[in-house]
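The figures that follow rest on heavy atoms only: side chains count, while hydrogens, waters and symmetry mates do not.
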Amino acid sequence: MKKLFLVAFLTLSSLLGNAQINVVTTDVVNFWVAFDSVQTTTDRAKQVAFVQKLYLNKAAFGLKYTIRFQEAKAENWVDMIQEKGAELLKARPYMLSVLAQKPLLDAKLARFRQLYPTFKSGDVFFVVGTGVFGGRVWGGNLIIGCEKVASENPDWAIDIVLHEFVHTQQTIYDDALLSHSIMEGAADFVAELVNEKDMAVIHPGGYIDFGNRNEKAVWDLFKKYMSSGTKNKFYDWLYGVNGLSINGQRMKDLGYFMGYKFCKSYYATATDKQQALREIIEYKLSSNEKAREFLLKSGYVPEADRALVQAMTFERLVINKDVPQIIYGYRLTNDNVVMSYTLPDSEDLDAVKSVTVAGSFNNWNPANDRYKMTNTTARTFELTLPKTAFEVGKTYPFKFVVNGKNWQPVPENAKNMDDSSTENLTLQVN
């Protein structure tokens, strides 16, 4: 797409039974109008004014959510445009291709409604954020960060919208690895079923393609960890950055693959397919026992492993009292906050090109060079910030990011773990 189509508002008004889905792309179009205006001047004040007037002031719900979630201001988008302008321009036609994907997205959502009559409606908002999230579920709505997920695939939006929309239909629980994997795998399986395209074909070389080629080895390892309730123990299966080494290759998110296979087996062995689909989406994984029940009913578990699954004891997230709990990630001096991150021994130091800190204090922007850390000693990276940059007594959630995209997990002994999200650290200046 070589031209910027100045479309003020695009909605997908499909009457899916009683469910109406609005796909709103206003924010994507407005972003590029603001982007082009920013390029006309080097005056930062004018650049900020352009973003505020042409983008933020015209925000639809999705962008309003993004602003609130990221505690973002016009300055943050100006920073991103200046720091990543070339990358954004390269991705521009991919982001704007959401306008052309309307007919196919319309058809797929209609098929979703046909396969799953109790489908709950919600709206889909495409935005250009500052690199913090690719997809977020808020109530029954989806917010898709195009700058993170847009690709040269002409149908890139279909797959992510269907996956995330499954999450809006689910009741989300936070138990052991098995429960997490079924929840995420269900979203992948249902998206594939609705899209009528094999996930391994859509994403060659991805975790499902890899898992299909190494399935026995993946299952043999997964069954050793699936009862774990401690995120630090199963982070490499889901959401983590390291992944797992299997048959000499490393792959992330293989927990998604396992849950996908469980759901696929559950559906394949069911006589009533519509009922099976409903159970996959609505299965109340409200306890680890319910997750075990689903796995056994799926028919996936080899006969030789059924006794193991039936007898396994689920772990709970219990803080190890033998490990001293510490304030992790920073220390306070008289006038400064010294951010500090030590690369785990399992990570290859030579592969680390950058370590940055991202949090509510910098719009969760890992690309902001002002928050780039310096390798001070061996495997430790540090950054000194003035205390005056923080409000006394206010709590700031943050994380460390390796190579601009690998968000590092919170260590088990972190005393300053965010109560609202155990995946974040917190900083407070007294």
So, using side chain to side chain donor-acceptor pair (under 3.5 Å) as the criterion, who are the partners of D209 when residues are at least two apart?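 If we apply the side chain to side chain donor-acceptor pair (under 3.5 Å) test to D209, skipping adjacent residues, the hits are R213.
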Salt bridge [X]-[Y], side-chain N to carboxylate O under 4.0 Å:
X: K84; Y: E147; value: no
X: R292; Y: E289; value: yes
X: K108; Y: D159; value: no

Mind checking what makes ring-ring contact (aromatic ring centres under 6.0 Å, His included) contact with F222, not counting sequence neighbours?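 So F222 forms a ring-ring contact (aromatic ring centres under 6.0 Å, His included) with W237, F262.
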Please list, chain by chain and in numerical order, all residues satisfying side-chain contact (heavy atoms from CB on, under 4.5 Å) with [X], sequence neighbours excluded.
X: K197; result: D155, N195, I202
X: R250; result: N242, S245
X: A291; result: L178, S179, I182, L285

Checking side-chain polar atoms at under 3.5 Å, does T130 have a donor or acceptor matched by the opposite partner on N363? yes
Any side-chain donor-acceptor pair under 3.5 Å between N362 and N368? no
Please, which pairs that meet ring pair (Phe, Tyr, Trp, His ring centres under 6.0 Å) have at least one residue in residues 80-118, sequence neighbours excluded?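 As it turns out, the ring pair (Phe, Tyr, Trp, His ring centres under 6.0 Å) pairs with a partner in residues 80-118, which skip direct neighbours, are F112-F119.
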With a sphere of 6.0 Å drawn around NZ of K372, does it hold more than 12 non-hydrogen atoms of other residues, nucleotides or ligands? no
Main-chain N/O of A60 paired with D27 side-chain donor or acceptor, under 3.5 Å: yes
Tell me whether the rings of Y330 and F398 are parallel (<30°), tilted (30 to 60°) or perpendicular (>60°). perpendicular
